[in-house]
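Residue numbers start from 1 in every chain, and the chains themselves are labelled A, B, ... in the order their sequence lines are given, proteins ahead of strands. We use all heavy atoms of the structure for the numbers below, so side chains are in, but hydrogens, waters and symmetry mates are not.
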Amino acid sequence: MNHILFLTVLLATGHSGAVTGTVQFDNGRVASNAVIYLEGGAKSTPLADAMVDQRERTFIPHVSVITTGTTVRFPNDDTISHNVFADYNAKKFDLGVYARGQTKRQKFDKTGVVAMMCSVHPDMSAYILVVDTPYYAVTDSKGHFKIDNVPPGTYTLRGWHENGEGENRKISISPGAQLQVRIHR
Amino acid sequence: MFARLRLPVILGAFALCALAGAQSLDLPSLPIHGIYEEYFETDPTHRGVVSMLDYLQLHADVSKSWRLVASYCQVPGDKWLEETYAEYDNGPDLVRLGRIRSDFGFSTWSQLYYTPMVMVPMIRSYGLDVVPGISLDRLDRGAEYETSRGIFQLQVAAVDSRNDDWHVVPGSLDTAIARLQVSLGPVLLGLNGLGKASDNVGPGEQMAGVDLIWTMPRLQVRGEVIKGFGSQGAKGYYADVFYRPPGLARTQVGARAQAVRALTQFTDTAYASYGGNLDEDPALGVATSYQTSQAYTFAARQFLTPNLTLSVNYGIGNNTPLSRPLLGWSTQLQFNYRF
């Protein structure tokens, strides 16, 4: 199915400010767990702490965004053993099978999408988007997002969702700007 | 009265507790979740495709630390209450009270059923008593405590281990089980012990086991060695190798080698669990000599979708009542749905 995402971007304040918006599929449904990020501004630094937990046979969060060079912790807080691996795209790794109470770590040094699975449980999956910008957000259950401290300027707006990736578009963000961006799969 | 708790009563109490928990904590919605699994199989002991196993688990987080779990299982011709317990979890410490699969080696539902193998290992089959009256496919009633400290994980349990399909509350806590697990880099090593006190039915029983998991990228090797003590004790092992080929994230191939030495009476009871009937055919189950069963299984498992998994096995080995169901081709389609 060819999803299309619509984006509304609003710069709320004069200088550095918050960019907010809502992401929707073309059928009007809100797109939760979509990632929106702006490239072309300041470069990112690695996050001090990032974690993908495992509880009740679920990766938590399902979608997360980190900056390049970040090391992510993968604690197993479930009551059973799990595995974490990724076989495609930005990072290939396999943390092996490990028990409750154990934590493994993995560094991500290349931008892109990391699709993770558990080799034991087929219904477990999660995504990490590795970006090289400090301006990013993940949409909430209503499809809303907010990116803080964005200076005015020209950026490349990118959107990603596990069911559809958006087109890339140059946008100029200025005080009071309100943008509607259409993103295709 | 409590010892006669049956499924409707348990599920009703479960729902009431969950509702009460939701209201008292002002949670936004009824916090009951669950998983339903169905296993369709073909194997040498049945004609055609059989719906071999249905499994339903409900769980509710009634507070940050307390959780209620109730589960039910049925196979052709039999049904029983699966794990049904109250769980307290504060991170490093975990307590379970109720009907549990006590930790003795690889005994969790995932370790038994989420593998490329269609059948559970012979030493863990329902019909095989490792010591008289105690198999490893067993649901105990009682209490279990688990604690994690660094590389160590310790589980101790005091339970009623008698075979029982429906009870949640123990009749007597006459069985002690302990497990120590050590995590050493890519290796998980477990030591297990079980002791049952003597009673007016029979003498005390003991069994011990060692298990090991060694994981590398794409590769998992695991195995168990288990021995029942006493003049009627069985012993056995199995070793699994599972491998995920490069570029095939949803595929696993594997192999299992296993052997069991047990009284033929027990192995014939195992045969009965696959469809025979000892009462109708007493010649199947009266021998008391030891018999060794061996089997080697080659397996492939494919995640078709997040909810559908297909496993195909081919087994060779000697022809005993215990190993017979493992010989030749068998397939399994596993459906799971979480809600």
Side-chain angles (χ1 to χ4, degrees), chain A residues 1 33 51 53-60 62-63 73-107 112-128 140-142 162-163, chain B residues 33 35 59 61 67 69 87 89 91-94 96 106 108-111 114-115 146-153 181-183 185-188 190 213-222 242-252 301-309 334 336-338:
Chain A
M1 189 168 121
N33 275 329
M51 178 180 79
D53 202 355
Q54 296 157 83
R55 288 177 184 269
E56 295 187 5
R57 278 175 58 171
T58 305
F59 289 118
I60 302 170
H62 182 63
V63 174
R73 293 182 292 123
F74 293 91
N76 180 354
D77 288 318
D78 208 341
T79 56
I80 53 178
S81 296
H82 286 298
N83 160 257
V84 186
F85 78 92
D87 228 9
Y88 301 109
N89 301 334
K91 188 76 180 181
K92 295 179 182 178
F93 67 96
D94 188 331
L95 300 180
V97 175
Y98 54 108
R100 166 188 166 80
Q102 303 291 309
T103 298
K104 302 252 177 161
R105 290 172 173 78
Q106 180 65 51
K107 186 176 181 180
V113 178
V114 182
M116 299 176 299
M117 297 175 68
C118 169
S119 66
V120 182
H121 303 103
D123 50 342
M124 285 180 68
S125 66
Y127 298 90
I128 292 177
D140 61 18
S141 60
K142 295 180 179 176
E162 63 182 294
N163 292 328
Chain B
H33 301 282
I35 184 164
H59 58 264
D61 294 317
R67 189 164 78 133
V69 175
E87 181 182 88
D89 182 354
D93 302 303
L94 186 146
R96 289 192 180 119
F106 303 145
T108 67
W109 189 265
S110 279
Q111 287 168 325
Y114 278 78
T115 79
E146 174 185 317
T147 183
S148 300
R149 294 286 185 274
I151 63 170
F152 296 101
Q153 190 179 75
Q181 181 176 282
V182 187
S183 176
V187 174
L188 282 173
I213 299 179
W214 177 64
T215 56
M216 297 288 286
R218 306 187 179 284
L219 183 70
Q220 181 190 158
V221 179
R222 71 172 195 174
F242 303 137
Y243 178 70
R244 186 166 47 77
L248 298 173
R250 292 172 173 78
T251 305
Q252 272 187 317
R301 180 192 193 205
Q302 179 71 33
F303 295 173
L304 301 175
T305 72
N307 306 107
L308 274 178
T309 303
Q334 183 214 53
N336 80 82
Y337 177 72
R338 280 191 292 159

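- Of all heavy-atom pairs between B:Gly247 and A:Asp87, the closest is N-OD2, 3.7 Å.
- Interface summary for chain B: among A:Ser119, A:Gly96, A:Ala99, the most heavy-atom pairs under 4.5 angstrom belong to A:Ser119.
- Contact count versus chain A (heavy atoms, under 4.5 Å) is highest, among B:Gln334, B:Gln181, B:Arg67, B:Arg222, for B:Arg67.
- The nearest pair of heavy atoms linking B:Gly185 to A:Lys104 is O-NZ, 4.2 Å.
- When heavy atoms are compared at a cutoff of 4.5 Å, B:Arg301 approaches chain A solely by way of its side chain, counted from C-beta outward.
- The residue among B:Gly91, B:Pro186, B:Pro92, B:Ser148 with the most heavy atom pairs within less than 4.5 Å of chain A is B:Gly91.
- Top candidate by heavy-atom pairs under 4.5 Å with chain A, chosen from B:Gln111, B:Met216, B:Glu146, is B:Glu146.
- In terms of heavy-atom proximity, B:Asn336 sits nearest to A:Arg57 at OD1-NH2, 4.0 Å.
- Across A:His121 and A:Ser81, no two heavy atoms sit closer than the pair CE1-O, 3.8 Å.
- Rounding to the nearest 0.5 Å places CD of A:Gln54 at 5.0 Å from CZ of A:Phe59.
- Residue B:Leu308 does not touch chain A at all, counting heavy-atom pairs closer than 4.5 Å.
- In this structure, chain B has heavy atoms under 4.5 Å from both the backbone and the side chain of A:Thr58.
- Within the 4.5 angstrom heavy-atom criterion, no atom of B:Leu304 approaches chain A.
- Using a 4.5 Å cut-off between heavy atoms, B:Arg149 makes no contact with chain A at all.
- Under the 4.0 Å criterion applied to side-chain N and carboxylate O atoms, B:Asp89 and A:Arg100 are assigned as salt-bridge partners.
- Closest of all the heavy-atom pairs between A:Phe74 and A:Tyr98 is O-OH, 2.7 Å.
- Between A:His62 and A:Tyr127, the two ring planes are perpendicular [angle over 60°; tilted spans 30° to 60°].
- Within the 4.5 angstrom heavy-atom criterion, no atom of A:Lys92 approaches chain B.
- Among the candidates A:Thr79, A:Leu95, A:Asp77, the residue making the largest number of heavy-atom pairs closer than 4.5 Å to chain B is A:Thr79.
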